[in-house]
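Below: one structure, written as structure tokens.
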Amino acid sequence: MSHNRILPTKDSWKNLKEYHIDEEVGFVLPTPQEELPYPYDQWISIAKNLPELIDKNELRKEVEKLKMVGIDDLKDHKSQRLAHLVLGYITMAYVWNQGGEDVCEVLPKNIAVPYCELSKKLDLPPILVYADCVLANWKKKDPNGNMDILFSFPGGDCGKGFFLVSLLVEIAAASAIKVSLSILANLYLDFHKQIKCEDHNTLQRALRYIASCLKQAQEEFKQIHEYVDPNTFFNVLRIYLSGWKGNPLLPEGLKYEGVWETPKKFAGGSAAQSSVFQCFDVLLGIQQSSGEESSFKFLQEMREYMPLAHRKFLQSLESAPSVREFVISKGDAKLKADYNECVKAMADLRKFHLKIVAKYIVIPSKNKHKANSTSEETSEPENKGTGGTSVMTFLKSVRNTTEKFLLNVD
């Protein structure tokens, strides 16, 4: 096994630190930084007041007054992540402003240059990504564990509900990552003939635990009904999360003044940029490449929107022993059943995600289309997610592929 792979040992958790994975919160950035020192505090000031500035139509004017600053004094990872989050918020607000047709095709150089330099340093694209608005956009509000987000878009508490529910889904799945490493440790020993038959019980317990974590993630996901209004999400928040790839409002992309001569296209933040579910696909041997080529291609592309350390972790998992092949090789009905519970939990999460997309994108889209259509118009609106895909087609493909990996149990 080469040195750059995960070495499954009793100290496996220590290995995860180099991949920026936390024991308590997984891929989530633990205790994100909330403030930046001078001269970066000017960015924070605008980001904290986005809804008000947009409402007064003063946002673009304030952004254009910002002084150009370099990024050399952003030395540690948490400062850089906070700056990327803040510049992402400002960029989305500048481009989309008050929504509607008032779209800006050029990001001014006083924001574009530091944003692109910082993005290059972090190996992230210069657009608001899931790792920003979900994984690094939170704080503990009080000792009781209540949380809040650091920055908001227009739409009242809709963004807070959407981002925090997504965060809770991530955290629910986090402890299963540690268990995943114990599974790989057992497989590693088995392949080297160092495991006793009774130790397969450890694998069964681990699979059951992963299934329970995934089921808990779905329970957390259900809170979206309580905290996020579908019409506010579709008509307000979704606009500010939209990217400039596959977006008819910015068909050529966005011009980053002072950085590139031509406009660039980047996808908006989406759940496909979450490392946690791609992690369990890899662990369970669910090969999305066996499904629709376009869906697999999109998932691979979305890895480029994940933090570099998380991408490296997924690559390491792909080179580890196969849980699926091991389960099949043992021919044990109980082991297969426990494996299937994990696959089923993944499929159920994706089915639930489909229902959420129907409620929060498809139905509001149809309602808006009907309201704006004449009686002669009958075409259906195209339902695109913030990542720029035909979202229902993509999710159905991923769900169907997941279900195909259920094993036959004798």
Side-chain angles (χ1 to χ4, degrees), residues 36 39-54 57-71 74 79-100 102-137 149-155 159 163 236-247 249-260 262-270 273 304-305 307 386-388:
L36 289 172
Y40 310 109
D41 54 343
Q42 60 177 338
W43 299 342
I44 296 280
S45 179
I46 287 184
K48 282 185 174 178
N49 294 291
L50 280 187
E52 183 182 350
L53 290 170
I54 290 169
N57 204 19
E58 295 176 355
L59 183 279
R60 285 178 178 160
K61 182 177 68 176
E62 290 300 313
V63 170
E64 286 156 10
K65 290 194 301 191
L66 287 170
K67 295 175 183 175
M68 172 86 83
V69 294
I71 63 159
L74 294 167
S79 294
Q80 292 168 4
R81 289 287 295 275
L82 175 57
H84 199 268
L85 166 66
V86 168
L87 291 173
Y89 259 80
I90 293 172
T91 296
M92 298 314 235
Y94 190 90
V95 170
W96 304 119
N97 199 28
Q98 294 184 320
D102 182 20
V103 179
C104 196
E105 298 176 1
V106 180
L107 188 67
K109 62 184 178 183
N110 58 342
I111 282 291
V113 171
Y115 193 20
C116 289
E117 286 179 355
L118 179 62
S119 297
K120 186 177 180 181
K121 199 165 195 173
L122 286 169
D123 204 3
L124 285 170
I127 191 170
L128 189 75
V129 294
Y130 182 93
D132 297 323
C133 59
V134 174
L135 304 185
N137 186 29
I149 56 175
L150 303 182
F151 306 101
S152 300
F153 286 117
F163 295 140
V236 183
L237 183 61
R238 181 186 59 90
I239 293 169
Y240 295 99
L241 300 180
S242 299
W244 26 96
K245 182 174 185 177
N247 192 329
L249 291 174
L250 282 170
E252 301 301 316
L254 180 69
K255 174 79 182 295
Y256 293 80
E257 187 182 47
V259 183
W260 295 296
T262 56
K264 296 294 178 181
K265 297 179 181 181
F266 295 106
S270 82
Q273 295 170 7
E304 298 305 311
Y305 291 72
T386 50

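Numbering of residues begins at 1 and proceeds along the displayed sequence.
Smallest separation of non-hydrogen atoms from A83 and L118: CB-CD2, 3.5 Å. The heavy-atom pair separating A47 from V86 by the smallest distance is CB-CG1, 3.8 Å. Between Y305 and P125 the shortest heavy-atom distance is CD2-CG, 3.4 Å.
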Inset, instruction - Please lay out, stage by stage, how S152 and L50 fare under the test side-chain contact (heavy atoms from CB on, under 4.5 Å). - result: CA-CA 7 Å; S152 300; L50 280 187; over 6 Å; no

Inset, instruction - Let me see the working for L87 and L128 under side-chain contact (heavy atoms from CB on, under 4.5 Å), right down to the final yes or no. - result: CA-CA 8 Å; L87 291 173; L128 189 75; over 6 Å; no

Inset, instruction - Would you please test I46 and L59 for side-chain contact (heavy atoms from CB on, under 4.5 Å) and show each step? - result: CA-CA 8 Å; I46 287 184; L59 183 279; 3.9 Å; yes

Inset, instruction - Under the side-chain contact (heavy atoms from CB on, under 4.5 Å) rule, what do L241 and Y130 come out as? Steps first, then yes or no, please. - result: CA-CA 10 Å; L241 300 180; Y130 182 93; over 6 Å; no

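The closest donor-acceptor contact from the side chain of R81 to the backbone of L135 lies at 3.5 Å or more, if one exists at all. Here the side chain of Q42 pairs a donor or acceptor atom with the backbone of K67 at under 3.5 angstrom. Put simply, the side chain of R60 never gets that close to the backbone of I54: no donor and acceptor are under 3.5 Å apart. Between the side chain of Y115 and the backbone N or O of I127 there is at least one donor-acceptor pair closer than 3.5 Å. For the pair Y240 (side chain) and N97 (backbone), a donor-acceptor distance under 3.5 Å is present. A donor-acceptor contact shorter than 3.5 Å is absent between the side chain of Y94 and the backbone of V63.
To the nearest 0.5 Å, atom CG of residue L74 and atom CG of residue L82 are 8.5 Å apart. In this structure, the separation between CG on N247 and CG on L254 is 11.0 Å, given to the nearest 0.5 Å. Put simply, CD1 on I71 and CG on L122 are 8.0 Å apart, with the number rounded to the nearest 0.5 Å. The distance from the CZ atom of F153 to the CH2 atom of W96 is 11.5 Å, given to the nearest 0.5 Å. Between the CG atom of L249 and the SG atom of C104 there is a distance of 13.0 Å, given to the nearest 0.5 Å. How far CD of Q80 is from CG of L36: 10.5 Å, rounded to the nearest 0.5 Å.
Listed by chain and residue number, K56 satisfy the salt bridge (Lys or Arg N to Asp or Glu O under 4.0 Å) test with E52 (two or more places apart in sequence, or in another chain). For K48, the salt bridge (Lys or Arg N to Asp or Glu O under 4.0 Å) criterion is met by E35, not counting sequence neighbours.
The aromatic rings of W43 and Y40 lie tilted to each other, with the angle between the two planes from 30° to 60°. Classified by interplanar angle (parallel below 30°, tilted 30° to 60°, perpendicular above 60°), the ring pair F151/Y89 is tilted.
For the pair V259 and V113, the minimum side-chain heavy-atom distance is below 4.5 Å. In this structure the side chain of Y256 never reaches within 4.5 angstrom of the side chain of S119, judged on heavy atoms. By the 4.5 Å heavy-atom criterion applied to side chains, W260 and C116 are counted as neighbours.
Between E62 and K65, at least one side-chain N (NZ, or NE/NH1/NH2) sits under 4.0 Å from a carboxylate O, which counts as a salt bridge.
Under a cut-off of 6.0 angstrom, the local environment of CD in E105 is sparse, with at most 12 non-hydrogen atoms contributed by other residues, nucleotides or ligands. No more than 12 heavy-atom neighbours from other residues, nucleotides or ligands sit within 6.0 angstrom of NZ on K120.
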